[in-house]
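Report on the following structure.
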Amino acid sequence: MPTQTRPALRTWSSLLSILILLSLAGCGAVKKDKLAVGLQSATNAYQSALRWGYYETAYGFLHPDARQDKPLPKVLEGLRLTGYDVVQPPTIQGEETATQIVMIEYLHEDRQIVKQITDRQLWRWDESVQAWRLHSGLPKFE
């Protein structure tokens, strides 16, 4: 092989290597963005479902293992949320786990006493359905 083509070959192989690395880095960023957008969407939809009393919809965000075809908890009957404030926005930790902390004010319609709880939510990405699932369960309403 002539000596003039070796530097050109090295240059092309270096450029090709850089392009491959950049495309792999870009794929990682795209996946991270997709997860972040999906998490924000899931937490917002979950918040709306709880806030407006659509408890079956909120229950649907739980991982199927947590639901195991159980009916909605009885404590949700007559429950009304009066506040839902995000204390710590959803934060992705690791590759497919996220946490969010919210402060929830609620009352039972038959008692009319406002209570407050802090709900630490643990979310995990479910690759099989391409969605975030709530693994920490519904808030512990008393």
Side-chain angles (χ1 to χ4, degrees), residues 1 4-142:
M1 183 178 281
Q4 292 176 345
T5 59
R6 285 187 186 160
L9 187 59
R10 276 191 226 137
T11 302
W12 282 108
S13 65
S14 296
L15 285 173
L16 184 59
S17 297
I18 290 170
L19 287 173
I20 289 171
L21 287 174
L22 287 174
S23 68
L24 290 175
C27 290
V30 168
K31 181 178 181 185
K32 188 174 181 179
D33 287 346
K34 176 184 173 186
L35 290 176
V37 168
L39 177 61
Q40 190 64 49
S41 177
T43 56
N44 286 344
Y46 176 73
Q47 173 184 350
S48 290
L50 280 178
R51 189 76 174 92
W52 293 104
Y54 300 126
Y55 300 122
E56 286 190 26
T57 302
Y59 200 54
F61 282 94
L62 270 66
H63 189 274
D65 292 344
R67 285 181 275 146
Q68 296 179 353
D69 297 324
K70 296 176 190 171
L72 280 172
K74 294 285 184 195
V75 72
L76 298 176
E77 292 177 11
L79 182 79
R80 187 170 53 128
L81 269 66
T82 59
Y84 188 105
D85 297 312
V86 177
V87 176
Q88 176 191 328
T91 307
I92 297 178
Q93 302 164 338
E95 290 216 4
E96 298 176 344
T97 302
T99 58
Q100 173 175 265
I101 300 173
V102 299
M103 187 72 64
I104 301 173
E105 290 183 350
Y106 67 97
L107 59 85
H108 292 279
E109 292 177 348
D110 61 341
R111 290 179 246 164
Q112 294 294 312
I113 299 171
V114 177
K115 295 183 179 185
Q116 187 178 54
I117 59 171
T118 301
D119 185 30
R120 180 179 168 85
Q121 300 169 356
L122 174 64
W123 294 81
R124 290 200 178 114
W125 178 252
D126 187 343
E127 189 67 36
S128 64
V129 293
Q130 297 285 300
W132 286 94
R133 297 289 193 175
L134 182 61
H135 280 255
S136 54
L138 293 175
K140 308 293 184 236
F141 299 112
E142 298 176 350

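Just so it is clear, the model here is predicted, and its values are computed rather than measured.
At least one side-chain heavy atom of Leu138 sits less than 4.5 Å from a side-chain heavy atom of Leu76. With a 4.5 Å cut-off on side-chain heavy atoms, Leu50 and Phe61 do not count as touching. Side-chain contact check for Arg124 versus His63: every heavy-atom pair is 4.5 Å or farther apart. Put simply, the side chain of Glu105 does not reach to within 4.5 Å of the side chain of Tyr84, judged on heavy atoms.
Defined by atom type and a distance below 3.5 Å, a donor-acceptor pair is present between the side-chain atoms of Gln130 and Glu127.
Taking all atoms of both residues into account, the shortest heavy-atom contact from Ala49 to Ala58 is CB-N, 3.7 Å.
Atom CH2 of Trp123 sits about 13.0 Å away from atom OG1 of Thr97, to the nearest 0.5 Å. To the nearest 0.5 Å, the span separating CG on Asp119 from NZ on Lys140 amounts to 8.0 Å. The line from CZ of Arg120 to CD1 of Ile101 is 5.0 Å long, rounded to the nearest 0.5 Å. Between Arg51 atom CZ and Asn44 atom CG the span is 14.0 Å, to the nearest 0.5 Å. To the nearest 0.5 angstrom, Arg67 atom CZ is 5.5 Å from Arg133 atom CZ. Atom CD of Glu77 sits about 8.5 Å away from atom CG of Leu72, to the nearest 0.5 Å.
Looking at Ser41, its side chain never comes within 3.5 Å of a backbone N or O of Val37 through a donor-acceptor pair. Within the 3.5 Å criterion, the main-chain N or O of Lys70 finds a donor-acceptor partner in the side chain of Tyr59. Trp132 contributes a side-chain N or O that, together with a main-chain N or O of Leu35, makes up a donor-acceptor pair within less than 3.5 Å. At distances below 3.5 Å, at least one donor-acceptor pair connects side-chain atoms of Tyr106 with backbone N or O atoms of Glu142. Side-chain atoms of Arg80 never come within 3.5 Å of backbone atoms of Gly53 as a donor-acceptor pair (strictly under, hydrogens ignored). Side chain of His108 to backbone of Asp110: no donor-acceptor contact under 3.5 angstrom is found.
In this structure, Glu109 places its CD atom where more than 12 heavy-atom neighbours from other residues, nucleotides or ligands lie under 6.0 Å away. More than 12 heavy atoms of other residues, nucleotides or ligands lie within 6.0 Å of CD in Gln116, so this atom counts as buried by the packing criterion.
Partners of Ser136 according to the side-chain contact (heavy atoms from CB on, under 4.5 Å) rule, which considers only residues two or more places apart in sequence or in another chain, are Gln121, Leu122, Leu134. When the ring-ring contact (aromatic ring centres under 6.0 Å, His included) test is applied to Tyr54, no partner is found at least two apart in sequence or on another chain.
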For residues 87-94, which side-chain donor-acceptor pairs fall under 3.5 Å, sequence neighbours excluded?
from, atom 1, to, atom 2, distance (Å)
Gln88, NE2, Thr91, OG1, 3.4
Thr91, OG1, Pro89, O, 3.1
Gln93, NE2, Thr99, OG1, 3.2

